[in-house]
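Structure record follows, encoded as structure tokens.
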Amino acid sequence: MTTFELAKQYYPRLWNRERIEALAAAGRLTAAEAKEILEGK
């Protein structure tokens with residue numbers, strides 16, 4: 001399972017916005033992936 005798939009599954013129940021932004025800043029998610037997760041699309 002990829003980081004993107006985990007983030008989609010766990011946000012917002014287990015992972016919050018800050019966690020998603022931290023993953024994007026660390027290069028584990030692209031900006032587009034983080035935006036998709038946070039906007040819920």
Side-chain angles (χ1 to χ4, degrees):
M1 190 171 263
T2 67
T3 303
F4 176 66
E5 291 168 335
L6 285 172
K8 280 186 77 167
Q9 182 178 354
Y10 292 151
Y11 178 81
R13 190 170 44 91
L14 297 174
W15 291 359
N16 58 18
R17 173 178 282 276
E18 290 77 26
R19 171 80 176 207
I20 302 300
E21 291 171 349
L23 288 168
R28 301 291 295 178
L29 292 173
T30 65
E33 289 172 337
K35 183 177 178 183
E36 180 179 334
I37 292 165
L38 294 173
E39 291 180 354
K41 294 184 179 177

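Count residues from 1 along the sequence.
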From [X] atom [atom1] to [Y] atom [atom2], the distance as rounded to the nearest 0.5 Å:
X: Asn16; Y: Leu38; atom1: CG; atom2: CG; answer: 10.0 Å
X: Lys35; Y: Leu29; atom1: NZ; atom2: CG; answer: 15.0 Å
X: Glu36; Y: Ile20; atom1: CD; atom2: CD1; answer: 11.5 Å

Suppose the criterion is ring-ring contact (aromatic ring centres under 6.0 Å, His included): which pairs have a residue in residues 13-32, not counting sequence neighbours? Tyr10-Trp15

So, do Ile37 and Phe4 sit near enough that their side-chain heavy atoms are less than 4.5 Å apart? yes

Which salt bridge (Lys or Arg N to Asp or Glu O under 4.0 Å) pairs, counting each pair once, include a residue from residues 15-29, with sequence neighbours left out?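 Matches after skipping sequence neighbours: Arg17-Glu21.
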
Can you give me the closest heavy-atom contact between Arg13 and Gln9, atom names plus distance?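 Result for this residue pair: NH2-O, 4.0 Å.
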
